[in-house]
Enquirer: 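Here it is, the structure in full.
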2 protein chains.
Amino acid sequence: MPRTADHDERRRQIAEAVCALVADHGLDAVTVARTAATAGMSVGLVQHYFRSKDEMLLHAFRTVGARIRARADERVRAGTDHRRPLARVLSEVLAEFVPLDGTRRAEFRVTRAFAGRALDAPALAEVDVETARLIRADLARGVHNGKECGEVAPDLDPWPAAVRLLAVAEGLALQVYRDPGGVEGTPAAELTAAVIDAELATVFTGTCRQYTGRPGA
Amino acid sequence: MPRTADHDERRRQIAEAVCALVADHGLDAVTVARTAATAGMSVGLVQHYFRSKDEMLLHAFRTVGARIRARADERVRAGTDHRRPLARVLSEVLAEFVPLDGTRRAEFRVTRAFAGRALDAPALAEVDVETARLIRADLARGVHNGKECGEVAPDLDPWPAAVRLLAVAEGLALQVYRDPGGVEGTPAAELTAAVIDAELATVFTGTCRQYTGRPGA
DNA sequence: GTAAAAACCGTACCGTCATACGGTTATCCG
DNA sequence: CGGATAACCGTATGACGGTACGGTTTTTAC
């Protein structure tokens, strides 16, 4: 039997290298050779794990999409487990998309770069669409759940609301990225909180009838 | 004296060709040779008008940015001249960014493609930032003007409101582009109108005390 | 030990593209 | 008319990058 290696782990390493390169120097700077060098392996090995460069990029994009969705999922799950007000939970979920620090800024650059290329790469576009769909579904579910405990008006349609919330988050992300210092004297962080919370306030118009405090409090 | 040519017109033609290529096949498909062919001229001539490819792309991006700003400006000007309700005027301005038809979809693809490359091209980034700034300023001015005739609460800060409005428009544009058919049964056009108007309703909370009808009515 | 199979390496090849450059054509002024 | 100058053309060139490919090393089962 031949020597073995952790296939998924290798692919993850390569995806990591791709993301690092994109975040630091842009998608155009991603070459197979540079990726291999960044990942600390040879060109041939990268080829061993990905038949083509496109496939490599696709896998990288899928990886970041999955990571983002997982983070959102996790926050929602933790929030509902701890019976926190949904408006608070969603506020944090949405703020996650806004590039207020280095980490989120790097992630923003990566997703934007891929989204840009996705304009003419159907495989990448599908990942983009699917990621957005799932996040929107999460938000819609959050709004729907809000009805059960009275945070949301019973006759509100969750889908347009979810579209609005996601739109504000993504649009705000664009603006904060362009103007990291904020707008007209208002720092970016304050602006983000203000805009997101104002938006959430139009959806979550009531307070939860049940337990809204922290579990340990 | 030598033979003459309309310098600006030639550069406009080239920018046009670049935009067509970007809209149809993406920014990666833009080569100097292809651009020249699309514009119906030789490679050498393109070089005659632009020292480098980067300069060519920069000029193209500047051109589309200026066109977009001009359209927004024009709508606002026409609206205020005709004394139409500001909420209506801004609704149309914001909808202008949402890719609901072929024209806007093509423009969206162009701006997104350039914005993507702008992530690692400072010159392009500056155009992107400046364009967004001016549009936001227009919106803020609109909100501010709304105070004078009572459409907007006097104590509302126009800047966060402008950020919100632009964020919704840009974010909605992303979602409509990804899901041109709409979301969960709601067609894109209806969704756009609903989201934008809902958003405007949170800013323009009053009705104009003065003349709000059409001038000819 | 050894054979097989996979993991891994380095390079050669080929196409593409931006740019440089020498040459040609058209126009205008004197 | 003529020459000067800009408009315009076509190609050569050099760099770069994706992929094909042959070779080497390592591990494991028998």
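Every chain is numbered from 1 and lettered A, B, ... according to where its sequence line falls, protein lines coming before strand lines. Values in this document were obtained by computation on a predicted structure and should not be read as measured data.
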Enquirer: Of the options D/dG17, D/dC8, D/dT25, whose atoms approach the side-chain atoms of B/L45 most closely?
Expert: D/dC8
Enquirer: Would you call A/D28 and A/R117 a salt bridge, taking side-chain N to carboxylate O under 4.0 Å as the test?
Expert: yes
Enquirer: Once you apply a heavy-atom cut-off of 4.0 Å, does A/V30 come out as touching a base, just sugar-phosphate, or nothing?
Expert: sugar-phosphate
Enquirer: Any salt bridge (Lys or Arg N to Asp or Glu O under 4.0 Å) involving residues 193-202 of chain A? Give me the pairs, sequence neighbours left out, ordered by first then second residue.
Expert: A/R164-A/E199, A/E199-B/R164
Enquirer: Using the heavy-atom set of chain A and a strict 4.0 Å cut-off, write down the first and last nucleotide of DNA chain C that makes it in, 5' to 3'.
Expert: C/dA4 to C/dG10
Enquirer: Send over the distance from A/L57 CG to D/dG17 C1', rounded to a whole Å.
Expert: 13 Å
Enquirer: Which part of the nucleic acid, if any, lies within contact of B/Y49, taking any heavy atom under 4.0 Å across all strands shown: a base, the sugar-phosphate backbone alone, or nothing?
Expert: sugar-phosphate
Enquirer: Nearest whole angstrom, please: distance from the C1' of D/dC8 to the CZ of B/F50.
Expert: 16 Å
Enquirer: With DNA chain C as reference, determine whether B/G44 or B/K53 sits nearer its 5' end, using the nearest nucleotide of each.
Expert: B/K53
Enquirer: Flag the pair B/R71 and B/E74 as a salt bridge only when some basic side-chain nitrogen lies within less than 4.0 angstrom of an acidic carboxylate oxygen.
Expert: no
Enquirer: At under 4.0 Å between heavy atoms, what does B/T31 touch on the DNA or RNA strands: base, sugar-phosphate, or nothing?
Expert: sugar-phosphate
Enquirer: For the pair made of CE in A/M56 and C1' in D/dT19, what is the distance, rounded to whole Å?
Expert: 13 Å
Enquirer: Need to verify one output field. Residue with the more 5' nearest nucleotide on DNA chain C, B/R51 or A/Q47?
Expert: A/Q47
Enquirer: Do A/R136 and B/R178 come within less than 4.5 Å of each other through their side chains, counting heavy atoms only?
Expert: no
Enquirer: 5'-most contact on DNA chain D: B/S42 or A/T4, nearest heavy atom basis?
Expert: B/S42
Enquirer: Between D/dT19, D/dA7, D/dG10, spot the one nearest the side chain of B/H7, thanks.
Expert: D/dA7
Enquirer: Looking only at the side chain of A/R34 (C-beta and beyond, no hydrogens), which of the listed nucleotides D/dC21, D/dA7, D/dG17 gets closest?
Expert: D/dG17
Enquirer: Does a side-chain N-to-carboxylate-O contact under 4.0 Å join A/D138 and A/R69?
Expert: no
Enquirer: Please tell me if B/H48 has a side-chain N or O lying less than 4.0 Å from either OP1 or OP2 of D/dC8.
Expert: no
Enquirer: For the base of D/dT25, is there a side-chain donor-acceptor partner from A/R3 under 3.5 Å away?
Expert: yes
Enquirer: Do NZ/NE/NH1/NH2 and the carboxylate oxygens of B/E92 and B/R88 come within less than 4.0 Å?
Expert: no
Enquirer: Regarding B/R104 and the six-membered ring of B/F97, is the cationic atom NZ or CZ under 6.0 Å from the ring centre and inside 45° of its axis?
Expert: no
Enquirer: For the pair made of CE in B/M41 and P in D/dA6, what is the distance, rounded to whole Å?
Expert: 19 Å
